[in-house]
Number of protein chains: 2
Amino acid sequence: MKFSVIGTRPIRHDGADKVTGRALYGADFQMAGLLRGFILRSPHSHARIKRIDTSRAEAFPGVHAVITTKDFPQVDGKKMVDLGEGATPLAYARGNVLASDKVLYRGHAVAAVAAVNAHIAEEAASLIVVEYEVLPCVLTAPGAMQPSAPIIHQDLTTKELGVDTGKVSNIADHIRFSIGDTEAGFAAADLIVEREFNTATVHQGYIEPQNATALWNNDGRISIWCSTQGSFAVRDATAAILDLPVSQIKVTPMEIGGGFGGKINVYLEPVAALLSKKSGRPVKILMPRQAVFEATGPTPGSYMKVKIGAKEDGTITAAQAYLAFEAGAYPGAMVVPGAMTAFACYDLANVLIDGYDVVVNKPSTAAYRAPGAPNSAFAVESVIDELAYKLDIDPIDLRLKNAAKEGTRRADGPKFPRIGCIEVLQAMKNSAHYKSPLTGPNKGRGVALGFWFNIGLPSSCTLNVTADGSVNLIEGSTDIGGSRTSISMQAAEVLGLQAADIHPTIVDTDSIGYTGVTGGSRTTFATGWAAYEAAQDVVRQMKERAAKLWEVSPDSVSAEGGIYKSGAHSIGFKDLASQIADTGGPIVGRAAVNPRGAGGSFAGAIVDVEIDPETGKTTILRFTCVQDAGRAIHPAYVEGQMQGGSVQGIGWALNEEYFMSTDGRMMNSSFLDYRMPTALDVPMIETIIVEVPNPGHPFGVRGVGEANIIPPQAAIANAITHAIGTRLTRLPMNPPAIMEAIWCQKSSSPLS
Amino acid sequence: MKFSVIGTRPIRHDGADKVTGRALYGADFQMAGLLRGFILRSPHSHARIKRIDTSRAEAFPGVHAVITTKDFPQVDGKKMVDLGEGATPLAYARGNVLASDKVLYRGHAVAAVAAVNAHIAEEAASLIVVEYEVLPCVLTAPGAMQPSAPIIHQDLTTKELGVDTGKVSNIADHIRFSIGDTEAGFAAADLIVEREFNTATVHQGYIEPQNATALWNNDGRISIWCSTQGSFAVRDATAAILDLPVSQIKVTPMEIGGGFGGKINVYLEPVAALLSKKSGRPVKILMPRQAVFEATGPTPGSYMKVKIGAKEDGTITAAQAYLAFEAGAYPGAMVVPGAMTAFACYDLANVLIDGYDVVVNKPSTAAYRAPGAPNSAFAVESVIDELAYKLDIDPIDLRLKNAAKEGTRRADGPKFPRIGCIEVLQAMKNSAHYKSPLTGPNKGRGVALGFWFNIGLPSSCTLNVTADGSVNLIEGSTDIGGSRTSISMQAAEVLGLQAADIHPTIVDTDSIGYTGVTGGSRTTFATGWAAYEAAQDVVRQMKERAAKLWEVSPDSVSAEGGIYKSGAHSIGFKDLASQIADTGGPIVGRAAVNPRGAGGSFAGAIVDVEIDPETGKTTILRFTCVQDAGRAIHPAYVEGQMQGGSVQGIGWALNEEYFMSTDGRMMNSSFLDYRMPTALDVPMIETIIVEVPNPGHPFGVRGVGEANIIPPQAAIANAITHAIGTRLTRLPMNPPAIMEAIWCQKSSSPLS
């Protein structure tokens with residue numbers, strides 16, 4: 001296909017607003033009579049709530065409402081609700097918003113106050129008396145799986161391979177994916193490597209804290225303004241928790257200052273709504289940074305064991321993984337994609353993956369860019385690297401030899417359609433970076449590969465043609481990374497217009513058809529597809545108008561590149577648009593899509609590091625991210641996603657972690673102490689976009705938001721290994737960890 | 001047709017917001033960094049601007065921008081622009097927003113200031129020095145038509161029956177409509193009545209003054225928030241005046257506190273936009289009430305001469321009208337509908353109507369509920385009454401004898417389709433009011449009839465089906481009189497839902513297809529039609545989903561009353577809606593309509609008055625409004641329109657007028673002095689809805705916003721005539737006018 005808009009780099013439609021400060025984020029929302037809410041949070045990581053006395057807070061001057069869990073509608077907590085990630089008991093969804101009988105992690109919301117300003121709300125919240133009975137806590141998956149571990153949910157019984165065992169435990173779920181016979185596979189191997197790995201709890205670290213304003217109108221309709229990745233997700237979750245029909249709630253998405261998966265779940269919205277109902281006023285709640293760390297969803301910490309066997313020629317004969325992921329305080333789902341993607345890069349005959357979802361006394365985990373996958377890839381790609389080293393095969397060649405391709409069956413079931421795994425590996429191998437020499441002491445190069453399946457979900461789009469020939473595009477996908485433009489470009493391509501001719505607007509949940517979250521790398525893919533279809537709907541109508549003008553049959557009218565023709569007649573889109581008022585009135589194009597089988601994306605990382613043997617500090621000398629975009633609609637934004645994911649992966653690898661005290665207190669809950677990479681910590685991330693078009697999208701889009709965060713951790717671990725001669729198997733690989741590895745090195749054989 | 005929603009009276013969707021004060025009107029709009037604008041206005045009704053010195057205002061602390069006409073883009077004023085009422089020179093559109101070389105009426109905007117608050121803006125405006133050369137003014141159409149009259153526009157030449165005469169004069173236009181041969185018609189008459197009439201300038205008197213906030217963003221995109229009858233009209237007019245493509249402007253309609261035709265033209269929006277461009281900040285301007293009276297568009301004052309001849313049996317043989325309407329400062333268009341409707345109630349063989357559009361030194365006129373028609377109907381229906389009296393025929397019978405019907409050709413050309421003229425007259429005659437006796441001195445009963453053609457224009461509508469089976473309706477028609485509900489009801493009727501199941505939202509001009517103004521009685525008609533079509537689009541898709549569920553052909557699925565059936569299968573709308581996510585994703589219905597030939601509406605008034613012979617005060621004893629609604633979607637709102645139009649007609653009849661000084665100063669420019677009827681001044685207005693379905697609308701809607709204001713003036717004039725024995729031919733018929741008539745009575749023969 002030859003494109004005129006796709007593949008170009010127009011400036012983003014919201015650029016001026018973003019750089020001048022005009023863009024309105026959740027915290028900017030103002031309204032007459034607005035109250036401010038404050039949430040009282042648990043100081044304990046595990047405790048029974050014996051009594052809550054809100055009387056002094058209620059009496060405090062300036063306070064309009066105080067709520068606790070009792071203010072929720074009294075609906076049975078066993079009722080299953082679907083908040084977008086499958087059915088979950090209402091009690092869990094509700095309990096994470098305001099604790100009921102127990103607090104399950106430090107920072108767990110216990111009560112909330114609405115007052116005339118934020119200071120009074122906070123002061124009044126401090127007057128709420130909560131009597132706790134402190135319970136022992138457990139903070140890691142292996143710890144929580146011990147028979148002697150304190151039980152977090154007395155009603156939680158383990159689901160074992162899909163069957164409820166009835167056994168009360170902290171193990172919420174045990175899943176298994178398998179292919180072939182691993183025992184036979186390992187028996188056939190010439191070399192087997194088996195290692196254990198651990199990853200820390202890390203946070204998405206979005207700049208903008210959670211926020212929500214709610215107005216519970218006296219006609220029963222609720223309006224919510226918030227920064228979210230999914231306005232419909234907020235609507236549906238809030239409706240479920242408040243036991244209301246979804247149509248009673250309207251969510252207006254404000255601009256969003258980062259999400260990365262962490263701004264899908266609701267935390268504040270139902271609380272703000274209840275406070276508004278009780279006070280009769282709109283209520284705004286802004287989350288302090290400490291609460292963002294302590295009470296929103298980080299990614300699971302994990303314990304993993306991976307074993308891979310191979311022939312001397314590099315053929316992998318069997319692969320096995322044991323994954324125990326922390327769910328946080330409530331059952332999670334992140335081990336599932338962790339297991340789905342663990343060996344997905346490879347075409348394997350014998351695979352066995354066991355995944356455990358384990359509740360611990362930490363905040364309930366949430367999605368974070370390809371959730372679960374960076375964990376398992378860190379383990380798997382470390383072992384692959386060790387195999388390559390021991391078999392003396394180039395690590396990319398080893399991967400190429402076993403690479404997944406069209407027709408490969410994944411352990412979790414699906415067969416791959418056309419994918420770009422091999423193309424990504426070849427691009428890595430052919431890259432200037434990989435071909436460049438790396439010399440000198442304390443330096444090492446590492447590579448790794450990652451796969452993310454991407455998701456579909458419904459999206460809607462409406463297009464209104466204006467008389468001057470530009471087109472207003474209405475959509476419901478929160479724009480985090482430039483999706484207004486990448487969606488508009490797809491409409492422009494169909495219509496034969498420029499990106500600047502399309503004026504995108506993201507509207508509230510009442511004003512557009514259902515649209516899934518901005519997540520799962522789906523926005524440019526699915527909402528872009530809706531824009532494509534809506535544009536086709538416009539073209540169809542424009543043809544009819546041209547036919548009317550020329551008094552010919554609509555079937556005789558062709559449209560290409562915005563030029564409409566029939567016989568000797570010819571007219572451009574803009575000229576035709578100027579005549580729509582006289583040929584039948586406005587033209588509105590609309591589409592709703594529900595794509596299944598989004599095209600998965602592969603990403604590879606090449607990294608050169610230098611270790612300071614005196615301090616253990618890792619310097620990233622060079623970093624290249626290679627990713628299959630399917631089709632790069634706006635290459636600059638694709639590169640931005642690749643760079644962003646890479647930098648986050650670097651953060652996971654080298655520094656980021658929830659540093660927990662033994663009683664479950666996060667000791668570094670501020671951006672001063674939670675060490676994320678800054679521009680000073682990383683080099684320019686080089687990017688190589690691979691384009692293996694997704695056969696399941698009209699333009700071949702795959703989605704590029706996530707796969708790029710998967711390989712950096714293992715690539716850096718592999719590079720460090722080659723730099724210092726010892727393999728680190730625990731994230732983060734921070735200076736103390738590296739110093740410890742160097743010190744221990746003398747007593748162990750290198751690379752064993 | 002049998003309806004389940006149409007014809008019922010559900011509560012309005014915006015009811016709670018309106019009664020609790022939650023609804024946000026233009027003046028409520030807030031934004032960070034908002035400046036306030038103030039407009040300096042002319043103290044003279046006609047003057048040349050010799051010099052404007054803004055330097056002191058610009059230097060005033062807190063002032064961010066000062067603009068005059070020089071800040072408009074330098075586009076030739078002769079360029080013709082279409083602001084929705086046909087082509088007009090840009091110079092006139094622009095000149096009414098900010099005066100150029102001359103001020104043409106007192107209150108004419110001359111310069112504008114944006115400052116940190118409204119007080120500083122007003123103070124700074126007072127520091128602008130404007131040097132005027134005061135010119136003689138002319139305030140009435142007959143006066144301005146004199147050869148000796150001061151010429152208001154040196155470039156305005158008279159258009160005579162469509163041809164530009166090249167002759168500079170205050171007569172902008174002379175139009176003529178005719179049928180047959182009036183000379184022969186009058187020759188055949190047994191009785192001819194000819195009279196002259198005058199009406200005063202009156203104002204719509206909406207509660208909420210004009211307002212506008214504009215943000216000229218540094219990417220060149222302009223956002224406007226205002227109270228308007230037509231967001232697209234504001235967009236298009238502002239774009240024309242600022243020489244921008246329409247797509248560069250987004251207008252968000254706020255709630256509106258009355259319009260009646262007066263909130264279609266732009267006054268403040270281009271000024272606020274220019275101030276925003278110059279200051280780099282958003283700017284809000286609120287119009288003081290005095291400026292609303294002095295500088296927005298009232299309805300034309302008029303001089304009219306009407307002559308009608310009839311046979312003894314009541315058959316009208318000829319009718320002639322001479323209409324000279326004040327256009328205000330710039331050429332207007334109100335005489336055209338005045339002429340179109342003058343004799344439209346009657347089936348006549350010989351008609352001649354001459355209409356003159358005459359500029360005077362008053363604010364440029366604007367639409368006001370059936371613009372032009374109340375003027376001519378006052379004249380025509382007074383003469384008809386006199387004929388009936390003199391022929392000793394019941395005034396309703398005389399009208400019935402000559403009534404227009406399907407096939408009657410109007411003097412302005414069109415042939416009537418199915419209309420309800422006769423049905424309205426019969427309902428009047430059969431009414432309890434008309435059948436009741438009226439006895440006692442100083443009392444009189446009058447009747448009159450009026451016709452309004454109503455208009456079409458494009459409208460768009462989008463429907464989004466939610467999972468709980470309610471439907472979000474997106475539209476672009478400002479809701480003045482409950483149209484959210486009357487539009488939603490039409491969608492509900494198609495979908496088999498209740499009105500409360502539809503959640504209507506009125507969105508900005510970027511977020512919906514082009515939609516014409518809320519005016520011309522078109523909103524329930526045209527946007528309702530769009531809702532009907534969009535609902536049909538939803539039904540079509542719902543059938544496909546049901547077919548998918550049942551694995552049958554979509555063609556086999558029927559839908560009636562919200563129940564979808566095929567063979568033995570049956571499912572309700574809400575149950576089906578809960579499954580759309582799994583059967584193909586969101587359902588979005590959309591439609592855009594451009595209806596031609598809206599069905600005209602006839603209205604009749606019956607009024608009983610009692611005159612206090614000591615003071616001349618008129619008491620309305622009883623008032624009945626009869627109107628053909630075609631189909632009353634929401635009878636309570638139809639009645640509300642009928643009552644509102646009747647009360648405004650009573651205001652015209654008895655009290656309202658621009659009381660002008662000889663130098664063109666309105667002496668009563670406040671609601672204290674401009675006497676509008678209050679609830680204490682009028683009885684409960686009785687209403688009789690006639691339903692003669694409009695064949696040009698799927699539900700038969702005609703539109704009911706306007707025809708009701710046409711007959712009250714003449715009906716009251718006729719009633720007063722029968723009460724005091726003398727005919728008044730000048731509006732308003734206030735106590736001094738009535739006392740004068742009573743005093744003069746002795747020297748004139750009664751009813752001559």
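Note that the coordinates shown come from a computational prediction; the quantities given were computed from them, not determined experimentally. A note on names: the letters A, B, ... follow the listed sequences, proteins ahead of strands, and every chain is numbered from 1. Side-chain atoms are counted along with the backbone in the values below, which use heavy atoms only and exclude waters and symmetry mates.
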> Between A:Asp510 and chain B, which part of the residue has a heavy atom less than 4.5 Å away: side chain, backbone, both or neither?
Replying inline: both
> Is it the side chain or the backbone of A:Val588 that comes within 4.5 Å of chain B heavy atoms, both, or neither?
Replying inline: both
> Top residue by heavy-atom pair count (under 4.5 Å) with chain A, among B:Ala591, B:Gly589, B:Ser511?
Replying inline: B:Ser511
>> Less than 4.5 Å to any heavy atom of chain B: does that hold for the side chain of A:Ala239, its backbone, both, or neither?
In response: neither
>> With a 4.5 angstrom heavy-atom cut-off, is it the side chain or the backbone of A:Thr20 that approaches chain B, or both, or neither?
In response: side chain
> Picking from B:Asp28, B:Asp501, B:Leu24, B:Leu215, which has the most non-hydrogen pairs under 4.5 angstrom with chain A?
Replying inline: B:Leu215
> Would you call B:Glu533-B:Arg540 a salt bridge at under 4.0 Å N-O?
Replying inline: no
> Is it the case that B:Thr466 and B:Ser470 place a side-chain donor and acceptor less than 3.5 Å from each other?
Replying inline: yes
> Do B:Leu495 and B:Ile502 have side chains that get closer than 4.5 Å, going by heavy atoms?
Replying inline: yes
> Quick one: what part of A:Thr509 sits under 4.5 Å from any heavy atom of chain B, side chain, backbone, both or neither?
Replying inline: backbone
>> Less than 4.5 Å to any heavy atom of chain A: does that hold for the side chain of B:Thr505, its backbone, both, or neither?
In response: side chain
>> Using the rule side-chain contact (heavy atoms from CB on, under 4.5 Å), only one of B:Leu244, B:Asn217, B:Val251 pairs with B:Ile222; which is it?
In response: B:Leu244
>> I need the residue from B:Asp219, B:Val507, B:Ile512 with the largest number of non-hydrogen atom pairs under 4.5 Å to chain A.
In response: B:Ile512
> Which bit of A:Leu463 comes within less than 4.5 Å of chain B, counting heavy atoms only: side chain, backbone, both or neither?
Replying inline: neither
>> Which atoms of A:Asp537 are under 4.5 Å from chain B, going by heavy atoms: the side chain, the backbone, both sets, or neither?
In response: side chain
